[in-house]
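Counting from 1, the numbers follow the sequence of the chain as shown.
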Amino acid sequence: MKDFKLYVGLTENRMSEVLRTGLKNDTTPETFTIEQINNAGICFPTRYVKIVPISAHGQSFHTSIWHVALTGITDEAYVERVRQKYDEALNNWHLKYRETAVLRHVLKHLRQRRLLTPYESIISRSGFQLEHPLVTKLYESFVLRGDWKQAENLLSIMSKTNLFDSYLHDTQPYGVWKRLHGTDADGDVPSPRGGHAMCMDPINDMIYLFGGWDGEKSLDDFWVYSVKEDKWRVLSHSTSDEKNAPGARSCHKMVFDTKTGSIYVLGRLSDSDAANATSEAGTPVPSNSHGEPSTGPARAFCSEFYRYHTRGMDTGKWDFLSFDTASQGGPPLIFDHQMVLDSESQILYIFGGRIVDGDWGTVKYSGLYSYNIRLSKWKLLQIADPPVVSASMIPSRFGHSMVLEPSTRTLYIFAGQRDDNYLCDMFAYDIATNTATELFSDFSAAGGPDSSFTQRAVLDPSLRELYVFCGLTRKQQPRALTTISSEAPNWMFSYDSKPGTWTQILSQPPDTPTSSSVSDTHRDEHVDQPQPRYAHQVVYNPLTRTAFLHGGNAGIVGGMEPDGEDNPKEERMDDLWQMTLIRAGSDEVIRRATYQIRQQQFRELCEDATPITALSFLQTEVSAVVDHSDAKETDSFRSLLTHLLTPCTPSPSSSLPSSSPLPSTSMVSTLPPTIQEERQDEGASDDGPPPRKRSRSRSPDHNSDHETWTNRLDDEGLPMPHAPVDLQALLDVEDPQELDLRRTDTSRGKLSPARFSQRNEIFESLLEFVSENYKQPEGSLLDIVCMDEFDGH
């Protein structure tokens with residue numbers, strides 16, 4: 001079994017999903033922590049457990065489970081106390097939830113059926129709020145009043161009140177790429193390379209680049225790029241010649257401290273480190289002119305640690321912090337690891353990577369370490385390969401991704417390679433508790449990318465999103481090839497909710513009206529984008545929400561597996577790109593909503609005004625809010641002409657002369673026919689004749705003229721207690737509140753049932769843009785009502 005779901009519950013028919021994960025294709029036992037506290041913070045007991053297999057590890061495999069063991073609290077007295085507390089809380093919660101849910105659907109149903117007076121009565125008595133007040137105003141102005149200008153003005157106010165934020169955040173983004181062609185004063189840029197290191201100063205918008213591998217040798221040049229000036233500047237042509245500076249290297253890591261302006265450098269794979277290691281730079285370590293590995297002089301494999309100053313009196317100087325971090329409790333010499341910095345707490349975190357010790361016959365990995373900058377102290381948080389595997393431990397790896405979520409102090413670690421396997425799992429490591437939670441055992445099965453190696457990831461804490469940029473990928477199938485996709489598969493991971501959701505970042509605007517929110521400049525630029533690659537570097541500025549990509553190895557598109565022959569020379573890149581994510585903006589939402597409002601206004605003009613007036617409105621006001629570059633929207637705009645060509649006669653009830661007296665809200669004619677008949681039968685006033693006594697025969701031959709009192713009524717001529725409601729009859733009758741509105745504005749005529757339904761339908765379509773918490777519930781009250789009686793049960 002590969003992927004599976006786990007359900008628990010007190011009964012077989014009522015179980016909740018508490019886990020979705022998968023098993024690795026090996027013989028190592030795996031342990032999973034099962035949720036025992038619900039969203040309300042209440043501990044719940046379990047009697048039944050159900051395992052639902054989703055997939056196997058291969059098409060030729062049948063799903064099989066060899067052994068399952070459960071651990072937990074089984075003390076009967078304790079479990080019974082938990083069960084009683086859970087049942088009590090569950091009943092209270094269900095009662096409140098069901099009352100609220102039913103009431104919201106009832107209110108929505110009443111308003112849809114034009115029963116506005118009962119709707120307002122429930123609102124005033126209960127103090128319940130169905131929706132945001134601005135949404136209620138939109139309903140009144142658009143549906144009841146037909147005040148188009150006020151309805152459009154409300155859209156801007158709703159946008160400023162953030163009612164559209166949830167919709168905007170959920171729209172699928174696409175990347176707008178732009179190649180940056182800046183050079184230094186001599187017209188130079190960093191040479192083509194892969195496996196280099198980059199970091200960013202977001203405050204000053206500066207990108208620092210150091211080292212890498214150019215296909216023949218390791219590099220030791222040090223550069224800085226100014227985003228504002230679009231210029232490169234070389235800080236050092238060779239750091240090896242500088243005091244306390246690092247030498248040539250690749251597959252190292254570099255981070256920037258926003259608080260102090262310091263840069264920290266750790267790890268390496270240099271020309272003299274090894275002869276048979278393969279790194280993320282894309283090639284084996286260098287060989288001599290005869291093709292034999294260059295072992296170089298014997299040397300100690302020491303993990304050096306450096307710091308570079310970009311501010312203060314020591315600007316431009318290097319500090320040699322440690323000759324060997326392993327001797328101080330830190331990691332050994334490693335490459336293809338990951339390193340992040342928590343500037344607030346001044347702590348570095350380093351995870352994974354391959355250990356460089358000269359023994360390339362055995363693959364060894366590094367664990368999870370922290371480094372306290374203030375105390376200059378290393379700490380081992382998790383060892384690489386513990387003798388007993390725990391669910392809170394993260395399997396070590398190399399060529400993976402790791403980012404820090406600063407507000408929750410959480411490390412997100414995913415993908416990479418272990419042994420010959422490309423990984424597609426994802427973990428969230430809680431720094432405070434030193435525990436890890438597996439979010440995905442296979443994120444590709446959850447709609448994410450394929451298992452990957454040397455992909456790059458950056459994080460935007462304000463949007464709670466993580467952006468992943470392409471690398472080497474491999475399908476989760478036996479003997480699957482390692483490839484670089486023909487199109488750069490970049491992804492977005494949103495961690496707003498657990499376990500989070502994956503969304504592919506489109507390479508061009510989707511075929512929807514959202515494309516109109518893009519400027520003409522962006523329309524030209526989105527076609528141009530970087531070539532797929534691996535061993536590149538990506539940095540991100542959260543202040544400008546811009547990502548920057550540089551260099552990397554283009555490899556051999558279509559396959560990366562060795563074939564026993566000499567591989568052709570791989571292409572390394574020296575290009576620099578910036579990417580901005582584009583979503584539908586608030587202006588775009590307002591435009592789309594305005595288009596819907598003006599469509600309805602035009603349809604009514606076709607009935608109430610001259611064709612010339614309606615056509616002029618279509619050509620000016622409606623056309624102004626149409627995205628004519630979108631084929632679907634253009635077709636809908638053209639179809640509006642059919643309303644002009646189709647002869648229509650305004651409904652007699654659709655308008656009243658402004659001089660016509662408005663009926664009183666207490667007029668009997670405003671009541672449904674059945675109620676009118678009943679009141680006429682009962683009498684209009686106390687001065688009228690008393691109610692007629694009804695009689696019932698005691699025997700078949702009883703005198704029909706003889707009347708007697710009885711506690712039963714004749715069935716004939718009385719309405720059935722469950723007679724079907726005539727929906728059209730409800731919509732035909734104006735509600736007293738509508739009459740009050742027309743009394744205050746005599747220029748507006750009576751709203752016909754068809755027009756009321758049209759406006760209500762458009763209003764509900766406008767709610768697509770409003771966040772769920774601020775609008776009426778989805779669905780219909782009719783869907784909740786049991787149909788057993790109708791079916792004859």
Side-chain angles (χ1 to χ4, degrees), residues 195-197 199 210-213 217-222 236 238-255 262-281 284-286 293-309 317-341 347-373 375-385 396-399:
H196 49 299
C199 63
F210 172 61
W213 170 262
K217 63 182 184 302
S218 296
L219 305 173
D220 61 350
D221 50 346
F222 190 26
S236 175
S238 176
T239 55
S240 301
D241 299 333
E242 296 188 19
K243 183 179 180 181
N244 295 328
R249 63 194 59 217
S250 65
C251 306
H252 51 296
K253 290 297 173 282
M254 188 165 70
V255 295
S262 299
I263 294 174
Y264 293 87
V265 179
L266 179 72
R268 73 162 189 267
L269 187 64
S270 64
D271 296 356
S272 56
D273 280 329
N276 297 310
T278 301
S279 72
E280 69 173 34
V285 296
S294 298
T295 57
R299 56 172 293 168
F301 296 98
C302 297
S303 176
E304 303 149 350
F305 190 28
Y306 300 90
R307 176 170 58 201
Y308 179 81
H309 299 275
K317 295 182 179 179
W318 287 92
D319 293 335
F320 193 11
L321 298 179
S322 176
F323 177 72
D324 184 17
T325 56
S327 64
Q328 300 173 341
L333 179 58
I334 51 178
F335 69 94
D336 287 354
H337 52 293
Q338 283 296 331
M339 180 168 65
V340 296
L341 171 62
I347 296 179
L348 282 162
Y349 296 93
I350 298 93
F351 175 71
R354 284 190 62 179
I355 296 176
V356 181
D357 60 0
D359 179 14
W360 298 105
T362 304
V363 179
K364 294 179 281 293
Y365 304 100
S366 182
L368 176 62
Y369 293 85
S370 68
Y371 177 75
N372 191 311
I373 296 174
L375 302 177
S376 301
K377 186 175 181 180
W378 289 96
K379 181 179 180 181
L380 175 62
L381 301 177
Q382 289 192 2
I383 62 176
D385 295 301
S396 198
R397 62 201 62 202
F398 72 108

Heavy-atom side-chain contact between V265 and H252 under 4.5 Å: yes
For the CG atom of L375 and the CD1 atom of I347, what is their distance to the nearest 0.5 Å? 8.5 Å
Counting distance only, does the side-chain N/O of R249 pair as donor-acceptor with the main-chain N or O of G267 below 3.5 Å? yes
Would you say that L266 contacts L348 through its side chain, given a criterion of any heavy-atom pair below 4.5 Å between the two side chains? no
Can any side-chain N or O of T239 pair as donor or acceptor with the backbone N or O of D220 at less than 3.5 Å? yes
Once you round to the nearest 0.5 Å, how far does CZ of R268 lie from CG of L333? 4.5 Å
Any side-chain heavy-atom pair of Y349 and Q338 under 4.5 Å: no
Of the options Y264, F210, F222, which is the one that meets Y308 in a ring pair (Phe, Tyr, Trp, His ring centres under 6.0 Å)? F222
So, using ring pair (Phe, Tyr, Trp, His ring centres under 6.0 Å) as the criterion, who are the partners of F320 when residues are at least two apart? Y306
So, the side chain of H337 versus the backbone of P331: is there a donor-acceptor pair under 3.5 Å, distance only? no
Just verifying a value: how many Å separate S270 OG and F335 CZ, rounded to the nearest 0.5 Å? 11.0 Å
Do C251 and W213 have side-chain heavy atoms sitting under 4.5 Å apart? no
Measure the shortest side-chain to side-chain distance between I350 and T325 over non-hydrogen atoms and say whether it is less than 4.5 angstrom. no
Would you indicate whether the side-chain heavy atoms of D336 and R354 approach each other to under 4.5 Å? no
Check whether any side-chain N or O of D357 sits under 3.5 Å from a backbone N or O of D359 as a donor-acceptor pair, and report yes or no. yes
Report yes or no: does S366 contribute a side-chain atom to a donor-acceptor pair with the main-chain N or O of I355 at less than 3.5 Å? no
Could you check K364 against D385 for side chain to side chain contact (heavy atoms under 4.5 Å, CB included), going step by step and ending with a plain yes or no? CA-CA 9 Å; K364 294 179 281 293; D385 295 301; over 6 Å; no
Which residues satisfy the side chain to side chain contact (heavy atoms under 4.5 Å, CB included) test with K317, sequence neighbours excluded? D314
Within-4.5 Å side-chain heavy-atom neighbours: V340 and K253: no
Does a side-chain heavy-atom distance below 4.5 Å link Y371 with Q328? no
Is a side-chain N or O of D324 found less than 3.5 angstrom from the main chain of S303, in a donor-acceptor match? yes
